[in-house]
Amino acid sequence: MAATMGSLIGLVNKIQMACTVLGDHGGEGMSLWEALPTVAVVGGQSSGKSSVLESVVGRDFLPRGSGIVTRRPLVLQLHKIERGTEYAEFLHNPRKKFTDFAAVRKEIEDETERMTGRSKAISNRPIHLSIYSPNVVNLTLIDLPGLTKVAVEGQPESIVEDIENMVRSYVEKPNCIILAISPANQDIATSDAIKLAKEVDPTGDRTFGVVTKLDLMDAGTDCLDVLEGRSYRLQHPWVGIVNRSQADINKNVDMIAARRKEQEYFDSSPIYGHLAPKMGSVYLAKLLSKHLESVIRQKIPSLISLINKNIDDINAELDRIGRPIGADGGAQLYTILELCRAFDRVFKEHLDGGRPGGDRIYGVFDHQLPAALKKLPLDRHLSTSNVRKVVSEADGYQPHLVAPEQGYRRLIDGSLGFFKGPAEATVDAVHFVLKELVRKSIAETVELRRFPSLQADIAAASNESLEKYRDESRKTVNRLVEMESTYLTVEFFRKIHESELRPPTKDDKHSNRPPPNAAVDRYDDQHFRRIGQTSLLHCRWCDTLKNRYQMAVVYCQKEQLGRMLDEDPSLMEKRETLAKRLQLYKSARDDIDAVAWK
Ligand SMILES: Nc1nc2c(ncn2[C@@H]2O[C@H](COP(=O)(O)OP(=O)(O)OP(=O)(O)O)[C@@H](O)[C@H]2O)c(=O)[nH]1
């Protein structure tokens, strides 16, 4: 890994900003925020926290005042730029570039109030401030409210504990680098910062001890025991600082001048002179930056795996609840058509194989219909006695030459009438199978799951089509039956006549065909049996009545796109959030890849 130092910290800055957009400030579970190293400035009130931060930055920009000034964590990201004027930017107002740092201070105050009101309450929602300057090192610092021992006027008693809890919630994270500020004019043993640091980081691995107000120590006392690590041992060297005094601030001594003055203090100090190169705010900034980089470097593999895990989790969740759909009409129409195609595929698989259910249609044709046809009372209708009755009623006793035409017509019409029942029942049976398959296909189309309205619409459109096709099928089969009746043409009777006059063939011996001369007796049983059999033969031919069902074609109406794609609003919102998170995690991963493997 040949990543440059600056780019590593720049990367963390970027990911931290992403976390803020994600609303991820730590808390439940292992968040990305918690995985990132940060530097938190901790100390008692008036210990000099703001002063240290400002001298690290080299600018005055933090709110000043008595009592509790810092009431929201301030995430301060320092970005080193090569040249140009320095400026500041807030994440809550990213379009505005601040070049006036007094305005930055004002905005911090205003933004604090926006969250907490004018009260002296505190909030753990951080304010994000980025400062771009040629005079800073890449560093992310978090300014936290000062630890206090007593609540002041207007503050609830719980404030002491609330602040401690908030500060603790930051510094107890194993990735937090603690900048513990203690004023030199107080006993280090009573330092709030050291007390808390000791509690959350007993080995002192991630605590940087900073002693302020060295210039304010009583004459004849010094802080060498602390600065040389004898009073309280930490893994990192202690750094002494001399900030601007209140008098300096009042005189508007500028920061650059203050840094120079600080360096002069150490260089010329008879007590601290030997430590001079390792003292002061400039050195502190470099020390922190270097440490932060080495920490980030170690963290990269675990950061990548955490991001990958988050991406996997979000993808799984999105697969479960569905991915966001486009907002414009064209995209929605496309989505709907895609969904309809998905449904169509499932439905066709049911019909053509791949999924069960379509075979029941063949069952209707192969079993149900033949069984019903077999049960038709044709034998009774065409029994000799009924044939005699029908023929006698239709043609009377008028002698008919060969075939009693009216009688034939009535017998065949009557027989064919029986076919209508099973034919319509077949249409209905197929209709119900198809309807059931539509229901099943909708339920089985995974893509449709999130769109209850579209499901209902597809069901309605499909059923409407099926209903239409049922009517058409009924008409068609009835028409087929009627066509068979009108088939009794002159030709039909001529053929019967011819067969009556034809001399008997060999085959006739085994048939019931009477000898030609029997035709003379027009009223014997043979005659009527023959009429019955001819009618039956004709009707049996009708068994081949073919069903001409057309499978329902399902289509979607283009109208009502919005209504069809309406979803549970909370689900929609969740999906949008997840999609946004996913995008941020992916870009964070890209950033890491770009820095880590450059
Ligand atoms: N002489 C001198 N004064 C200092 C030094 N550090 C801080 N001060 C002064 O001490 C006062 C408090 O300093 P701040 O930097 O505001 O302290 P803080 O810890 O941020 O205070 P709160 O935000 O109120 O908790 C200011 O008047 C500073 O000028 C220092 O090293 N030397």
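Note that ligands are numbered from 1 as they come in the structure, with each ligand's atoms numbered from 1 the same way. Computed from a predicted model, the values in this text were never measured in an experiment.
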Nearest candidate to atom 8 (N) of ligand 1, where distance is taken over non-hydrogen atoms, out of Gln45, Arg244, Glu262 =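 Shortest heavy-atom distance from atom 8 (N) of ligand 1: Arg244.
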
Thinking salt bridges, do [X] and [Y] make one under a 4.0 Å N-O criterion?
{"X": "Lys586", "Y": "Asp590", "result": "no"}
{"X": "Arg244", "Y": "Glu54", "result": "yes"}
{"X": "Arg168", "Y": "Glu164", "result": "yes"}

Subset of ligand 1 atoms that lie under 4.0 Å from at least one heavy atom of [X]:
{"X": "Ile249", "result": "29 (O)"}
{"X": "Gly48", "result": "7 (C), 13 (O), 14 (P), 15 (O), 17 (O), 18 (P), 19 (O)"}
{"X": "Ser46", "result": "12 (C), 17 (O), 18 (P), 19 (O), 21 (O), 22 (P), 24 (O), 25 (O)"}
{"X": "Gly44", "result": "19 (O)"}

Would you please classify the geometry between the Tyr132 ring and the Tyr87 ring as parallel, tilted or perpendicular, with 30° and 60° separating the classes?
->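 Parallel: the ring planes of Tyr87 and Tyr132 meet at under 30°.
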
Lys278 charged N/C atom sitting above Tyr283 aromatic ring, 6.0 Å / 45° |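 Not flagged: Lys278 not positioned over aromatic ring of Tyr283.
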
So which heavy atom on Pro145 is nearest to which on Val167, and how close?
->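 That would be O-CG2, 3.7 Å.
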
Is the closest heavy-atom distance from Gly43 to ligand 1 below 4.0 Å?
->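 Gly43: no contact with ligand 1 (<4.0 Å).
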
Determine, using heavy atoms of Ala184 and all atoms of ligand 1, whether some pair is separated by less than 4.0 Å.
->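 False for this residue.
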
His128 ring center near His92 ring center (under 6.0 Å) |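 Ring centroids of His128 and His92 are no less than 6.0 Å from each other.
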
Check each heavy atom of Asp215 against ligand 1 and say whether those closer than 4.0 Å belong to the side chain, the backbone, both or neither.
->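 Contact part for Asp215 vs ligand 1: side chain (C-beta onward).
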
Ligand 1 N/O within reach of Val242 N/O, cut-off under 3.5 Å |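 Such a contact does not occur with ligand 1.
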
